[in-house]
There are 6 protein chains.
Amino acid sequence: MKTNTVPNRTKRANDEPRQLTIVPHFLPHADGSVLISCGNTKVICTATIDENVPPFLKESGRGWVTAEYGMLPASANGRMRREAVAGKQTGRTQEIQRLIGRSLRAVMDMKKLGSRQILIDCDVIQADGGTRTASISGAFVAMSLAVNKLLTQGIINENPIREAVAAISVGMFNNTLLLDLDYPEDSNCDADINIVMTASEQLVEIQGTAEGATFSIQQLNQLISLAQKGIRSILAAQQQALKAN
Amino acid sequence: MKTNTVPNRTKRANDEPRQLTIVPHFLPHADGSVLISCGNTKVICTATIDENVPPFLKESGRGWVTAEYGMLPASANGRMRREAVAGKQTGRTQEIQRLIGRSLRAVMDMKKLGSRQILIDCDVIQADGGTRTASISGAFVAMSLAVNKLLTQGIINENPIREAVAAISVGMFNNTLLLDLDYPEDSNCDADINIVMTASEQLVEIQGTAEGATFSIQQLNQLISLAQKGIRSILAAQQQALKAN
Amino acid sequence: MKTNTVPNRTKRANDEPRQLTIVPHFLPHADGSVLISCGNTKVICTATIDENVPPFLKESGRGWVTAEYGMLPASANGRMRREAVAGKQTGRTQEIQRLIGRSLRAVMDMKKLGSRQILIDCDVIQADGGTRTASISGAFVAMSLAVNKLLTQGIINENPIREAVAAISVGMFNNTLLLDLDYPEDSNCDADINIVMTASEQLVEIQGTAEGATFSIQQLNQLISLAQKGIRSILAAQQQALKAN
Amino acid sequence: MKTNTVPNRTKRANDEPRQLTIVPHFLPHADGSVLISCGNTKVICTATIDENVPPFLKESGRGWVTAEYGMLPASANGRMRREAVAGKQTGRTQEIQRLIGRSLRAVMDMKKLGSRQILIDCDVIQADGGTRTASISGAFVAMSLAVNKLLTQGIINENPIREAVAAISVGMFNNTLLLDLDYPEDSNCDADINIVMTASEQLVEIQGTAEGATFSIQQLNQLISLAQKGIRSILAAQQQALKAN
Amino acid sequence: MKTNTVPNRTKRANDEPRQLTIVPHFLPHADGSVLISCGNTKVICTATIDENVPPFLKESGRGWVTAEYGMLPASANGRMRREAVAGKQTGRTQEIQRLIGRSLRAVMDMKKLGSRQILIDCDVIQADGGTRTASISGAFVAMSLAVNKLLTQGIINENPIREAVAAISVGMFNNTLLLDLDYPEDSNCDADINIVMTASEQLVEIQGTAEGATFSIQQLNQLISLAQKGIRSILAAQQQALKAN
Amino acid sequence: MKTNTVPNRTKRANDEPRQLTIVPHFLPHADGSVLISCGNTKVICTATIDENVPPFLKESGRGWVTAEYGMLPASANGRMRREAVAGKQTGRTQEIQRLIGRSLRAVMDMKKLGSRQILIDCDVIQADGGTRTASISGAFVAMSLAVNKLLTQGIINENPIREAVAAISVGMFNNTLLLDLDYPEDSNCDADINIVMTASEQLVEIQGTAEGATFSIQQLNQLISLAQKGIRSILAAQQQALKAN
């Protein structure tokens, strides 16, 4: 809950993103995988190629990308209930995994992918804010690695990924704008926006929420500009990880 | 699925919202209720006062607003599976009800509401696009009616609602901008944005999605301007319904 | 719970049914639909044609009719828990939807219907007693409208509905017999019987329950006679709604 | 499914019930228990005294009786799916256990029982039709044994059971009336009625169903008369089992 | 919970198993069935032949044996919650049914069984310790009866059961070794081991647990020797029951 | 499934365990945590201190240790279904988490731990056989770190852990005995035994399974001896990790 304490960024500037590292090929069994660390937030993202498609695409020749998301019970401060024990995913989990899936589908040419799907898993090992945006940024690399495998094996001949996609959060506290919120900042902001953007600086998703407060259109635009800056640095780190490949 | 057919608005202009009616006191048992009709989309919104609060607010003296959402199986074209039979709410349902709850909480002063919660139910009787935005706009009126009851009965002395809130969708097809999408328009748009805004024209929520496409920041701003126009007309209809009260 | 207060019928005679209206074609997407209002009880009944049959009828050439039932959380006095949130239908819900299905199947010639099923949905918008009997009476009209569509489209050539079916409740309080119980009457009666009867005055279902009391065979027969009277008026209203079609 | 074969009762007359035995104290741990065998139908019925009452009776000083029902997967012809594996009870199961509970509550004086509940379990070991009526008849004895225990231990001083209750099924095939249906008869009858009746020959529950057929009021009365005959023999067997005690 | 009371075996020696009876053909509908009583523990074990195999064996020509386990709510001291009502099987139940399945598969030649599976159900009617070992010993007889049916009907020509299998528990209290634990003994032992062994005295499963204590390798061997003694007597009883067949 | 290929250990001797590393303090939020790697098997084990105890220990002054287990969907070869999506934990998962809990409770003095519980989470990041034994060995270190925290903070004054506990698997293929099985070995062995042992070489749990085969008592003893060797090396690595602390 909001404590109305001013977030005090002593270690990085307000427009400075957190330290980002993307370790490709993190897990041996998945078709593509990374460990993405964004400050103290760490997410394992994997991509699995499945030669089946969902029922609504049968016989269409088109592919699909879908995502699931989870958090280890001890990943956050204060152990969370294990969803497999609770017997269902929370609304928050479902909302996040739907967002990840839509974001990745926005840059995938489903005809070129052909009649197969890519299953994304984003599992948060350590949580300190921004797990959904880190998941999207990491999952893009995992998906790219899986697509590279399809290309290398000659299963598809043309890269179906149109361009890179990445995500970051921005927030507003009083009138201060902050880039790439960690958990204490995220919980105290008046408004917080998650932005998913492509390499060509087109918007894919924008989710702005003002729990208990509101924000103006002008402030929205300032926040988007700030997010653009952060997205650029993530896109660079993604390319680095894919080149290292 | 997207058919790439151009939506052809012959009956209303691109910036013209659908016919809107709000019938207050639609159900006799709820503390507040409306039937909101937005074109062919019809939603029953109710507000129930509950003198308990969720565990995390116990002893805080503060209140809460929460929402649930559902669709009758035959409300849409092609019968949908009943969620009570499936044994769980879909991710989409959960996402929508969380959005409705956040939108209403943004205009509620929880201290003035006091130690009680308002439970919102939005049940879609007939669906033709925009059910989540109609739910927010209608639920605001239902919540206001329930608050009026608390005021009338002297349970609270000061109106805890800070200002009105309403929601509408806007979309982009090729480069055409459209206000208040019906279902065929919504399914064919390149990008579609749901905007929740207050009477003072502050943003509460913005959810922009580009399934299979993307949109620029400039287009985002044009879409927000268009939404503002629609929001104003909904705010007027809400006041009308509350005066009729 | 029973309060042992004598139901006091000041507005209608003990053998007088409640005001009944049946609005056909209430929802645009269903193959057949009505809004049935019986006093303050209001139910939306829809019929959806499904060209599949349940597994046990595959290759039999015979059809099926099945039903689902639900109540809006705010339909009754005191908000009920949403079954989709609880994750399952209550025993009461399942009992009612099984009754609706059996009642409609009793008047349907499954061979003439052919290899398809009719899915009935009864959703209670407002509850004041007698929701299961209103559901049966309304669902018969919705089913008839769906069958008319099959006939009009030439999908079947002969009407598979053998005769009309309707339902009503009767109850006994001390030694007073009451027709068409509303909720306060229903909760206070010593015995309450739901009767489903055809146009030819044959019984389809009879469910008599004496929670905390008992009734004699003579009383049973008096109650059935009373029900017959009510059934006749419902059958007339059904024909009216179908003619208006 | 109905095969329209005439049930051919060579071993017993049409108005002759099946062989009935009730073994009291069948399980050592329950407060009351019986094994009831009705022809080839065998049900273990137990009664457990629980010093808690459901929430709606807290502070009322009144007691409660509730029932659960189950079938062993191999009890019937063709193994049934285990409900614990399916993750939920079927609608049929819930309907039956609600019926058992209501039937027993009809003869229990809840004030004399005091602030405690009796939990009934009816588990079908072998199924050959009439499991719900055998469950009621057997559960009455199990409940009586548990009540005897309460009386013997001086926990209550007055017997709260007003009179005995028993149940039987009757059916109609063409125009032949049959008492106490076994499974092949039950599946082939045009109409089948379950009747729950007290020692004073008052009705507690009557559930008449005509799947795919209908029956007249006159036939209903003939069926009830036939059931009375069967109920009398069950009441005698119950008294026998309780005396043996 | 452990009470540290010394189990005092006055009625049987420490190395003496409980009275064992196996009633074959206990249920008429199953392909094989027994009632096994081991002291006060009573379990109905059934075997159902299913001409389908699990997906992973399709086209393999090989068969399968799988098991389910349950307890009647009133079988133990203190009524247990019905798993069908809870909506899931407990971890203990799943562990036991997996153990039963593995134990029976160990003696079945899946090629000789051919492309079909045997479904085992073990339902505890009365529980006094050792329900899982009694289930295995009884299920072996039920499975043998079902296999005999396949042989008799000429569906298979060669007996696919390699040898008999049986199970028993042994425990240690202070330094006393006990054979075939009843419930009070089982709850008080320092260590308790379930042993599944074949007629040729080979081990199939060994599950040793020292809740809150530990045991040495030497003690393990003494316990296994003691178990061998008990297994031999069970194997004899199984053969007796099968001969009686 | 078993392929009957001889496991060919070219890189390590048959009695040589896999490379083991234990990284303490792997996650910042848990009270104790490690990453344990055993060859290609990697498990994150965490311990969370909870000042509540389960209901059956209320007012007893005694503590508890309990465990949950999970696998990331992409941890193994061939993506596994996410249990949170399936809506329940598999039987295998429940069996493993019960084993982990029992193993840790065997070395914990519950009185000295006092009225609190330690919640263990074992999440498999990468799976190559032996995930349950690695979980136990790693969880012991995580639990020890959490206990150290209680001691350092002065919440308890005496170390409640009696001695160290570790686990390893051993298997038999034809007549070859193998220590610390990886996944291909585990799937091909005739018998495989998981052994949990304390620093004083006492047995805590022994789970021997012969899927489709059997093993002699002599072979069991040879396997236990082999396991002892492996356990000693794990105990040394645990002490190393705790000293590094």
Side-chain angles (χ1 to χ4, degrees), chain E residues 1-2 56-57 60 62 65 68-69 87-99 101-103 105-110 162-163 165 190-191 193-221 223-225 227-228, chain F residues 1-2 56-57 60 62 65 68-69 87-99 101-103 105-110 162-163 165 190-191 193-221 223-225 227-228:
Chain E
M1 219 184 342
K2 207 147 134 179
F56 69 91
L57 287 176
S60 72
R62 305 175 76 243
V65 179
E68 287 180 7
Y69 168 94
K88 60 178 176 180
Q89 296 183 299
T90 63
R92 175 186 173 276
T93 292
Q94 293 197 55
E95 195 171 308
I96 292 174
Q97 63 194 14
R98 284 159 54 87
L99 169 66
R102 284 196 310 269
S103 298
R105 286 195 294 273
V107 296
M108 177 63 84
D109 182 322
M110 297 303 177
R162 283 193 284 255
E163 59 176 323
V165 67
D190 298 320
I193 302 186
N194 293 302
I195 286 172
V196 186
M197 209 176 255
T198 65
S200 62
E201 305 221 328
Q202 291 279 300
L203 289 159
V204 171
E205 289 268 340
I206 174 165
Q207 293 195 333
T209 293
E211 175 87 37
T214 56
F215 54 103
S216 70
I217 294 168
Q218 194 194 345
Q219 288 168 327
L220 172 66
N221 278 288
L223 287 164
I224 294 174
S225 295
Q228 272 180 305
Chain F
M1 222 186 341
K2 206 146 133 184
F56 69 91
L57 287 177
S60 72
R62 303 175 78 244
V65 179
E68 287 179 8
Y69 169 95
K88 62 177 175 180
Q89 296 184 299
T90 63
R92 175 186 173 276
T93 291
Q94 294 197 54
E95 195 172 307
I96 291 175
Q97 63 194 15
R98 284 160 53 90
L99 169 65
R102 285 197 309 269
S103 298
R105 286 195 293 274
V107 295
M108 178 64 83
D109 182 322
M110 295 303 177
R162 284 193 283 257
E163 60 176 323
V165 67
D190 297 320
I193 302 185
N194 293 302
I195 286 172
V196 186
M197 209 177 253
T198 64
S200 61
E201 305 220 328
Q202 290 280 302
L203 288 159
V204 172
E205 290 268 341
I206 176 166
Q207 293 195 334
T209 293
E211 175 87 36
T214 56
F215 54 102
S216 69
I217 295 168
Q218 191 193 348
Q219 288 168 328
L220 173 66
N221 278 286
L223 288 165
I224 295 174
S225 296
Q228 271 180 303

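Throughout, a chain's letter reflects where its sequence line sits, starting with A, and its residues are numbered from 1. Model, not experiment: these values are computed from the prediction.
- Ranked by non-hydrogen atom pairs under 4.5 Å with chain F, the options E:Thr198, E:Asp109, E:Asn221 are led by E:Asn221.
- Considering all non-hydrogen atoms of both residues, E:Val204 and F:Phe215 come closest at O-CE2, 3.9 Å.
- In this structure, no portion of F:Met108 lies under 4.5 Å from any heavy atom of chain E.
- Between E:Glu205 and F:Thr209, the side chains place a donor N or O and an acceptor N or O closer than 3.5 Å (distance only, hydrogens not considered).
- Between chain E and the options F:Ala106, F:Ser200, F:Gly91, the largest number of non-hydrogen pairs under 4.5 Å is found for F:Gly91.
- To the nearest 0.5 Å, atom CD of residue E:Gln207 and atom CG of residue F:Asn194 are 10.5 Å apart.
- Rounding to the nearest 0.5 angstrom, the gap separating the CD1 atom in E:Ile217 from the CG atom in F:Leu220 is 9.5 Å.
- At a threshold of 4.5 Å between non-hydrogen side-chain atoms, the residues E:Thr90 and F:Arg98 do not count as touching.
- Put simply, the residue from F:Arg92, F:Gln94, F:Gln89 that forms a side-chain contact (heavy atoms from CB on, under 4.5 Å) with E:Gln94 is F:Gln94.
- In this structure, CD in E:Gln97 is found 10.5 Å from CD in F:Glu95, a value given to the nearest 0.5 Å.
- The line from CD of F:Gln218 to CG of E:Leu203 is 12.0 Å long, rounded to the nearest 0.5 Å.
- Note on F:Ser216, F:Ser103, F:Ala210, F:Gly208: by heavy-atom pairs under 4.5 Å with chain E, the leading option is F:Gly208.
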